[in-house]
**Student:** 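Mind having a look at this structure? Questions to follow.
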Amino acid sequence: TDLRDANLQGADLYRANLDGALLSRANLQDAQLDYANLVRTYLREATLTNANLVSANLRNANLTDAQLEVADIRSADLRGAKLNYANLDTVNADSANLSGANLSQAYISNADFNGAILVRTTLQGAVLNGSNFQIADLSQANLQGAQLKGVGFNRANLTKANLEGANLTNAKLAIADLTNAQLTGAILHSAYLHSAMLTHANLSGVDLQEAQLREANLSNVTLVGATLENANLIRSTLTEANLTYTNLTRCDLRGANLTGADLSYANLTQADFAQAALIDVTLQGANLSDANFKGAIGFNPGRVPRKPVQ
């Protein structure tokens, strides 16, 4: 079916079968497409602003450069769809399945992806500021260089996700699972990661200034050269963590478990380790100026080489 450049604004296409149809540049604004079959449909540069696509099947559809602002795609099937450079601002994608879809460089600010499935989805360079991904599955998703300011990832699954260089300033990641995630060079300034799971994650060079990591699990994490100035790590787990050359100035680590952690050449100026577990911790060359170790378990100041960070 060739419907290129067609004007279908407000059209009633409920349960319509448009499998493989050509709809590039078509105007489908305000169209009713709930439960429609749009498998392999060519919708490049189409306008779907405020369209209803609830439970629609858009598997392997091409929506490159399409306009989907305020569209309703709840429970829609978008597996393998091409949405790169598309505009999905304020879209409602609650429980939608976008596994394997390509949304690189897409605009998706203030959208709702609550409970959505985005396994192995590509969101590289996408702008997602203010969007909600609560309890969504983003395992192995590619979010490299994405703009994620203020995004809600509470209880989301981000295992093995690639967030290298992403901007997560003020992002909400409470109880999120970031096991084995790649976050090298990411910005998590003032991010909220209360009780988050970050085991074996790579956070080298990450900006975690003023981040909230209370009771987070960072065991076996790599934080080489990261900045955690003024971060809250109360009762967090950092066993076997690599914190070499990390900036922990004024970091709150009261009651944290750092057993076996490597803090060689770290800056611990005014850091608070009260009641923390420091068994078998390596502090070679670390700067301990004005750090508080009151009640710390396993800490022996007489055995610590006092070579400050240059």
Side-chain angles (χ1 to χ4, degrees), residues 1-134 136-138 141 146 151:
T1 306
D2 191 343
L3 292 164
R4 284 176 288 186
D5 301 299
N7 185 359
L8 296 161
Q9 183 173 353
D12 186 355
L13 295 161
Y14 178 78
R15 291 187 182 277
N17 183 4
L18 293 161
D19 189 334
L22 299 177
L23 284 152
S24 55
R25 298 179 302 280
N27 182 4
L28 288 150
Q29 182 174 338
D30 301 315
Q32 173 60 259
L33 288 150
D34 291 348
Y35 297 95
N37 179 4
L38 293 154
V39 174
R40 295 182 299 277
T41 301
Y42 196 79
L43 287 151
R44 190 182 181 105
E45 298 180 38
T47 299
L48 290 143
T49 305
N50 202 42
N52 290 312
L53 291 143
V54 175
S55 297
N57 190 345
L58 289 138
R59 194 164 183 177
N60 296 314
N62 189 334
L63 289 136
T64 303
D65 283 310
Q67 303 297 313
L68 290 110
E69 305 102 305
V70 205
D72 190 347
I73 58 172
R74 286 173 295 161
S75 301
D77 186 350
L78 287 136
R79 285 176 289 173
K82 294 179 181 178
L83 289 140
N84 37 311
Y85 299 100
N87 188 340
L88 292 98
D89 284 348
T90 326
V91 73
N92 186 349
D94 190 303
S95 301
N97 190 342
L98 293 105
S99 294
N102 186 352
L103 291 100
S104 59
Q105 309 297 326
Y107 299 91
I108 319 172
S109 296
N110 302 306
D112 188 4
F113 286 85
N114 184 73
I117 304 171
L118 297 106
V119 177
R120 296 189 183 89
T121 300
T122 299
L123 289 148
Q124 188 171 1
V127 178
L128 297 127
N129 298 328
S131 291
N132 173 38
F133 289 88
Q134 184 166 310
D137 187 353
L138 291 118
V151 170

**Student:** Just so I know, are the side chains of Glu69 and Thr90 near enough to count as touching, which here means a heavy-atom distance under 4.5 Å?
**Tutor:**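 Heavy-atom side-chain distance check fails, nothing below 4.5 Å.
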**Student:** Applying ring pair (Phe, Tyr, Trp, His ring centres under 6.0 Å), which residue pairs with at least one partner in residues 55-81 are found, sequence neighbours left out?
**Tutor:**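 Found none.
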**Student:** Can you tell me if Thr41 uses its side chain to pair, donor with acceptor, with the backbone of Leu18 under 3.5 Å?
**Tutor:**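 Pair found, side chain donor or acceptor close to backbone of Leu18.
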**Student:** Looking only at heavy atoms, what is the nearest atom pair of Thr121 and Ala101, with distance?
**Tutor:**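 Reported closest heavy-atom pair: CG2-O, 3.3 Å.
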**Student:** What I'd like to find out is whether the side chain of Gln105 reaches to under 4.5 Å of the side chain of Asn84, using heavy atoms alone.
**Tutor:**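 With C-beta onward as the side chain, the pair stays apart.
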**Student:** Does the pair Asp34 and Asn52 meet the rule for a side chain to side chain donor-acceptor pair (under 3.5 Å), with working shown?
**Tutor:** CA-CA 6 Å; Asp34 291 348; Asn52 290 312; 5.3 Å; no
**Student:** Give the minimum heavy-atom separation between Asp89 and Ser109, together with the two atoms involved.
**Tutor:**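 Nearest heavy atoms, Asp89 then Ser109: OD1-N, 2.8 Å.
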**Student:** Kindly give the heavy-atom pair with the smallest separation between Asp12 and Gln32, and that separation in Å.
**Tutor:**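 Residues Asp12 and Gln32, closest heavy atoms: OD1-CG, 3.6 Å.
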**Student:** Looking at Arg79, is its backbone amide N or carbonyl O close enough to the side chain of Asp77 to form a donor-acceptor pair, meaning the two atoms are under 3.5 Å apart?
**Tutor:**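 Such a contact is found between Asp77 side chain and Arg79 backbone.
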**Student:** With rounding to the nearest 0.5 angstrom, report the CZ to CD1 distance, Phe113 to Ile73.
**Tutor:**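 Phe113 CZ to Ile73 CD1: 5.5 Å, rounded to 0.5 Å.
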**Student:** Could you measure the distance from the OG atom of Ser104 to the CD atom of Gln124? Nearest 0.5 Å is fine.
**Tutor:**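 Interatomic distance, Ser104 OG to Gln124 CD, rounded to 0.5 Å: 7.0 Å.
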**Student:** I'd like to know if the side chain of Thr122 and the backbone of Asn102 have a donor-acceptor N/O pair within less than 3.5 Å.
**Tutor:**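 No; zero donor-acceptor contacts below 3.5 Å.
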**Student:** Nearest heavy-atom pair of Val39 and Asp19: which atoms, and what distance?
**Tutor:**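 Looks like O-OD1, 3.1 Å.
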**Student:** In a check of side-chain contact (heavy atoms from CB on, under 4.5 Å) between Leu3 and each of Leu43, Leu23, Leu22, Leu28, which one passes?
**Tutor:**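 When Leu43, Leu23, Leu22, Leu28 are each tested with Leu3, the side-chain contact (heavy atoms from CB on, under 4.5 Å) holds only for Leu23.
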**Student:** Pairing donors with acceptors under 3.5 angstrom, does anything connect the side chains of Asp112 and Asn132?
**Tutor:**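 Yes - a donor-acceptor pair under 3.5 Å links their side chains.
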**Student:** For Ala111 and Ser131, which heavy atoms make the closest approach, and how far apart are they?
**Tutor:**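 Closest approach of Ala111 to Ser131: N-OG, 2.9 Å.
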**Student:** When the ring planes of Tyr14 and Tyr35 are compared, do they come out parallel, tilted or perpendicular, using 30° and 60° as the limits?
**Tutor:**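 Because their plane-to-plane angle is over 60°, the rings of Tyr14 and Tyr35 count as perpendicular.
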**Student:** To the closest 0.5 Å, what do you measure between NZ (Lys82) and OG1 (Thr64)?
**Tutor:**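 Rounded to the nearest 0.5 Å, the NZ-OG1 separation comes out at 6.5 Å.
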**Student:** When rounded to the nearest 0.5 angstrom, what is the spacing between CD1 in Ile117 and CG in Asp137?
**Tutor:**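 Interatomic distance, Ile117 CD1 to Asp137 CG, rounded to 0.5 Å: 6.5 Å.
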**Student:** Taking all atoms of both residues into account, what is the closest heavy-atom pair of Ala126 and Leu103, and its distance?
**Tutor:**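 Closest approach of Ala126 to Leu103: CB-O, 3.7 Å.
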**Student:** For Thr49 and Gln29, run side chain to side chain contact (heavy atoms under 4.5 Å, CB included): C-alpha distance rounded to whole Å, both residues' side-chain angles, the deciding distance at 0.1 Å, then the answer.
**Tutor:** CA-CA 5 Å; Thr49 305; Gln29 182 174 338; 4.1 Å; yes
**Student:** Does the distance from a Lys or Arg side-chain N to an Asp or Glu carboxylate O, for Arg74 and Asp94, drop under 4.0 Å?
**Tutor:**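 No, no charged N to carboxylate O under 4.0 Å.
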**Student:** For Leu68 and Leu83: C-alpha separation, side-chain torsions, deciding distance, then whether side chain to side chain contact (heavy atoms under 4.5 Å, CB included) applies.
**Tutor:** CA-CA 10 Å; Leu68 290 110; Leu83 289 140; 4.1 Å; yes
**Student:** For residues Gln67 and Thr47, is any side-chain donor paired with an opposing acceptor at under 3.5 Å?
**Tutor:**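 Note: Gln67 and Thr47 side chains miss the donor-acceptor criterion.
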